[in-house]
2 protein chains.
Amino acid sequence: MRDVNTDALRGHMDALLLSVLESEPLHGYAIIEALQERSGGTLTVPTGTVYPALRRLEQAGYLASEWATVGGRKRRTYRLTSAGRTALAGERSAWQRFTSAIGSVLEPRPTK
Amino acid sequence: MRDVNTDALRGHMDALLLSVLESEPLHGYAIIEALQERSGGTLTVPTGTVYPALRRLEQAGYLASEWATVGGRKRRTYRLTSAGRTALAGERSAWQRFTSAIGSVLEPRPTK
DNA sequence: TTCTACATGTAGGCTGTCTATAGATAGAGT
DNA sequence: ACTCTATCTATAGACAGCCTACATGTAGAA
C-alpha cells in the first residue's frame, strides 16, 4: 500500500493550506494536525514542507501572519487574506477540473 | 482560468500512461492524442514529458516496446506488461485514496 | 533526568515535468 | 519546386516544489 504523499501532493499543497485556514487562523503545527485529522490520518505533511509553503503563500499575499505567545510557547499564526480567499476558490475549481480530467482517463475501459 | 497541467500532474503521469495503454498498445504520439481526447481536451501533455516517462516505465518493467513502420514512418509501440497491469491497479486505488484525502480537506466548512 | 509533546525553521537533495530544440517523412496546397 | 501542416521520436537543461535531515528551544509528565 503505497503512501499517498511523496510527489502526488505537488501542486496541491497550496489548496490544502488555504483550505484549512478558511474557517479559522491557525499556526503551523496546528495546520499539520488539521490536515492529518481532516484527511482521516492519510495526510502526514512534514514540517519541512509546511513552513516554507506558508512563507511562500504569505509572500504571494494569500496569507498574513503574526506572532503570539501561548503557554510560554511562541506561535506564528496565519490567517487568510481576501486575496487568499479568492485564490482558494480558484484552487477548488482547479481541483474539480483536475480530478475530472484524470478520472476520465483512469476510468477502466473494455479491452479491445 | 489556470491550466490543469504544470505541476499538478506530477506523480500521476504513470497512472495516465498505464491507463491509456490498458485496452490496446499505442505509440507515443497516439498516447498524447488519447490523453487529450479522453480528458475532453483538458490534458495537453508535451512530448518532452511523455517520451522520457515511457522509457522510465519500460525500465521499470511496466511497459514493453517494439518498432514498427507504418506508412514510411517509424513508430515505437508500447504495450502493458503483466507487471504493468498490476501497477495500474495499484495506481487506481492510490488515486482513489488521494482524491478522497485531498477532497475531504478541500471541502468547504462553516466559518467559526 | 529523561522522555514526549509542542513549536518553528533551514539547507540541500531529489525527481519529474516543462521548454526549447533537433531531426525526419508524408501529403496537401500553391 | 516550394511551403506548410501533420505525423513521429528524442534529448538537454531549466525549474520548482516536496522531502529528509538537522538544528533549536519550552513545557510538563514520569
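Just so we're on the same page: letters track the sequence lines, and every chain starts at 1. Scope of the values below: all heavy atoms of this structure, side chains included, with no hydrogens, waters or symmetry mates.
The separation between B:Glu58 atom CD and D:dA10 atom C1' is 14 Å, rounded to whole Å. Between the CD atom of B:Gln36 and the P atom of D:dA6 there is a distance of 13 Å, given to the nearest Å. Whole-Å rounding puts the B:Leu9 CG to D:dC18 C1' distance at 16 Å. The CZ atom of B:Phe98 sits 11 Å away from the P atom of D:dC18 (whole-angstrom rounding). For the pair B:Leu16 CG and C:dG16 P, the interatomic distance rounds to 15 Å; values are reported in whole Å. With rounding to whole Å, A:Arg56 atom CZ is found 17 Å from D:dC15 atom P.
At a cut-off of 3.5 angstrom, the base of C:dT15 holds at least one donor-acceptor pair with the side chain of B:Arg10.
Residue whose closest nucleotide on DNA chain D sits further toward the 5' end, between A:His12 and A:Gly71: A:His12.
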Validation: residues 61-70 of chain A side-chain donor-acceptor distances under 3.5 Å, sequence neighbours left out:
from, atom 1, to, atom 2, distance (Å)
A:Ser65, OG, A:Glu58, OE1, 3.4
A:Ser65, OG, A:Glu58, OE2, 2.8
A:Ser65, OG, A:Arg76, NH1, 3.2

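In terms of the salt bridge (charged side-chain N to carboxylate O under 4.0 Å, His left out) criterion, B:Arg38 has no residue partners (sequence neighbours excluded). Under the salt bridge (charged side-chain N to carboxylate O under 4.0 Å, His left out) criterion, B:Arg92 pairs with B:Glu22, sequence neighbours left out. Remark: A:Arg56 pairs with A:Asp14 by the salt bridge (charged side-chain N to carboxylate O under 4.0 Å, His left out) rule, at least two apart or across chains. With sequence neighbours left out, B:Gln36 forms a side chain to side chain donor-acceptor pair (under 3.5 Å) with B:Thr44.
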Quiz item: Could you run down nucleotides 5-10 of chain C 5' to 3' and tag each one B, S or - for protein heavy-atom contact under 4.0 Å?
Solution: BBBBBB

Exercise. In sequence, state the C-alpha distance, the side-chain angles, and the governing distance for A:Phe98 and B:His12, and then conclude on side chain to side chain contact (heavy atoms under 4.5 Å, CB included).
Key: CA-CA 11 Å; A:Phe98 175 72; B:His12 308 287; 3.8 Å; yes

